[in-house]
Number of protein chains: 2
Amino acid sequence: MQGEDLLPLLRKLQSIGDPTDAERKAFVELRPTIRVLDAQEDIVREGQQPSIVCLILEGFACRYATVPSGRRQILSLHIPGDIPDLQSLFIKVMDHNLATLVPTKVALIPHAAMRNLIDRNHRVAHLLWRDSLVDAAIFRKWIVGIGRRSAYARFAHLVCEFAMRMHAVGLMEKDVCAMPFTQADIADALGLSSVHVSRVLSRLRKEGLFTWSDGVLTIRNWPRLQKAAEFDPSYLQLDSVVGSDGLGSR
Amino acid sequence: MQGEDLLPLLRKLQSIGDPTDAERKAFVELRPTIRVLDAQEDIVREGQQPSIVCLILEGFACRYATVPSGRRQILSLHIPGDIPDLQSLFIKVMDHNLATLVPTKVALIPHAAMRNLIDRNHRVAHLLWRDSLVDAAIFRKWIVGIGRRSAYARFAHLVCEFAMRMHAVGLMEKDVCAMPFTQADIADALGLSSVHVSRVLSRLRKEGLFTWSDGVLTIRNWPRLQKAAEFDPSYLQLDSVVGSDGLGSR
DNA sequence: CGCAATATTGACCATCATCAATTGGCGTGG
DNA sequence: CCACGCCAATTGATGATGGTCAATATTGCG
């Protein structure tokens, strides 16, 4: 694993807690297997009992489930620095799927190595526990959005959340970042149809809140977008990374 | 705290992991403050920074959030044995509210005592971490339900989940348990209007899947209910408690 | 007995889903 | 180089699910 691969993870750890150099080093020394996966590739499937966890280095993944009618619900979007299946350390059987959305570079870390790390170092354990609690906080916001917000606000909220998280791991330049998903992906994340996503998107575009084409997201009017989304970023627990420059300061 | 107060918690610990007697005892010895709260009383509010966690001994609580339009979304229902705000140990500012639904007896445990317990005893820490991961698994199922299931299946799913959890902590007798909520509560949990809940309920009743009146839930036809709900209980991680008698065996 | 909260029912309407046709971009192979 | 096919996105037409409003039980409770 190259040093630069870990930048997002290290930035994320920084945002979660305040790791010491030794703790940072412990992650670097996990010496995982590096893999580059295709787009739309399942990493772990519902019902499986993985013996590794997956750290995203480059690219994007999602967790999703399908219902008997065949419809898909995306549960979360994952960006570099995330460990989307950390829960598999304590919950043996997967209750959902993890898949790439685009070609993605991952680090595969054996459960044994993670357990070792956790058992040795309480602070790291608490850092990871805290990470899984932020993960749960994001789930809660999605429930609120899908349950009680209009398609319009829901979409805007997803964009705000995504942009903030990308910013936190250093993957946002000014108001621009990668967001290489299809409208069908977004639809499955928001509990909508792809047709409706297209319509709502055209409205958001018309109103100049953001643009999104060719997989590139550009925030055009952060204050108005945030307002449309009813977005309050505090649940992401990113205080330590949102400094005087980025999105948070507007 | 009387011995019998802790029965649901102990049963729940049993379901989460496999605590030793010493670990059980550690919980009993936390010596928390006992309080009996009214119905509809907020225990912690969004934005607050609690210094205690709340263990439910008797009664029911929920976590909820409201959106600017005034609509409420219930994020989770909590039954005896649950510690709904365990996350406040690691995430200082509440991103949602915790409230009772009926008169409820709680044990309030200082963060310091919990931290102490966690730091002393890794296995207990892992038990609680695991509990928070099951909590997240429940959130995921709710996202799938609200996003991709019909009102009918969603309601049925909630009933299945509730019944299984009540069963796991010993609060179900045969096919009967308390479920003292209003239809408006259920509506806010399912992301529906209370009017629609009333309609869907009458259909479920007509079809003989379950009855629910005067706060008492009676499962009438578990196999058909489970099918209508598209319910697979594995995500609740209750294997160890669902023996040859209860719901799981039908 | 009467009030308040909850539940039910009907009428109407909005949001969003579904179906279908069309467009545009892009890679591939003739 | 262009034709073809594929996929994503767009747009229109229609319809279903579920929301809102309002009137009417029903229940519990002081």
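Keep in mind that what you see is a predicted model, and the values were worked out from it rather than measured. Side chains included, hydrogens not; waters and symmetry mates left out as well; all remaining heavy atoms used. In the text below, chain A, chain B and the rest are named by the order of the sequence lines, each starting its count at 1.
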Check your understanding: Hey, does the side chain of Ser15(B) reach the backbone of Ala168(B) with a donor-acceptor pair shorter than 3.5 angstrom?
Key -> no
**Study point:** Spacing between Arg154(A) atom CZ and dT15(C) atom C1', to the nearest angstrom
**Key:** 10 Å
Exercise for review: Establish, from distance only, whether the side-chain atoms of Asp135(A) and Ser132(A) form a donor-acceptor pair under 3.5 Å.
Suggested key: no
Exercise for review: Calculate the interatomic distance between Phe155(B) atom CZ and dT17(D) atom P; express it in whole Å.
Suggested key: 18 Å
Review point. Relative to Tyr64(A), does Arg72(A) satisfy both conditions: NZ or CZ under 6.0 angstrom from the six-membered ring centre, and within 45 degrees of the ring's axis?
Key: yes
**Study point:** Distance (rounded to the nearest 0.5 Å) between Arg154(A) CZ and His157(A) NE2
**Key:** 12.0 Å
Check your understanding: Is there a donor-acceptor contact under 3.5 Å from the side chain of Thr104(B) to the main chain of Val102(B)?
Key -> yes
Practice item. Look at all strands and tell whether Gly215(A) reaches a base, only sugar-phosphate, or nothing, counting heavy atoms closer than 4.0 Å. Key: nothing
Study note, to complete from the structure: Between CZ of Arg203(A) and P of dT11(D) the distance, given in whole Å, is 15 Å
Review point. Only one of Ile56(A), Leu98(A), Ile52(A), Asn97(A) clears side-chain contact (heavy atoms from CB on, under 4.5 Å) with Ile43(A); which?
Key: Leu98(A)
Practice item. Specify the separation, in whole Å, of atom CG of Leu192(A) and atom C1' of dA9(D). Key: 16 Å
Exercise for review: For nucleotides 5-13 of chain C, just jot down a letter per nucleotide in 5' to 3' order: B, S or -, based on protein non-hydrogen atoms under 4.0 Å.
Suggested key: -SSSBBB--
Check your understanding: How many Å lie between CG on Leu190(B) and C1' on dG18(D), as a whole number?
Key -> 13 Å
Check your understanding: Between dA8(D) atom P and Asp188(A) atom CG, what is the distance in whole Å?
Key -> 12 Å
Exercise for review: Calculate the interatomic distance between Arg71(B) atom CZ and dT20(D) atom C1'; express it in whole Å.
Suggested key: 10 Å
Point to revise | Angle of first-five versus last-five pair axes in the helix from dC1(C)-dG30(D) to dG30(C)-dC1(D), to 10 degrees | key: 30°
Review point. When the aromatic ring centroids of Tyr235(A) and Phe139(A) are compared, is their separation below 6.0 Å?
Key: no
Check your understanding: Atom NE2 of His196(A) and atom P of dT18(C): how far apart are they, to the nearest Å?
Key -> 12 Å
**Study point:** Polar side chain donor-acceptor pair, Gln87(A) to Arg63(A), under 3.5 angstrom
**Key:** yes
Exercise for review: On the 0 to 90° scale, with breaks at 30° and 60°, tag the Phe162(B)-Phe60(B) ring pair as parallel, tilted or perpendicular.
Suggested key: tilted
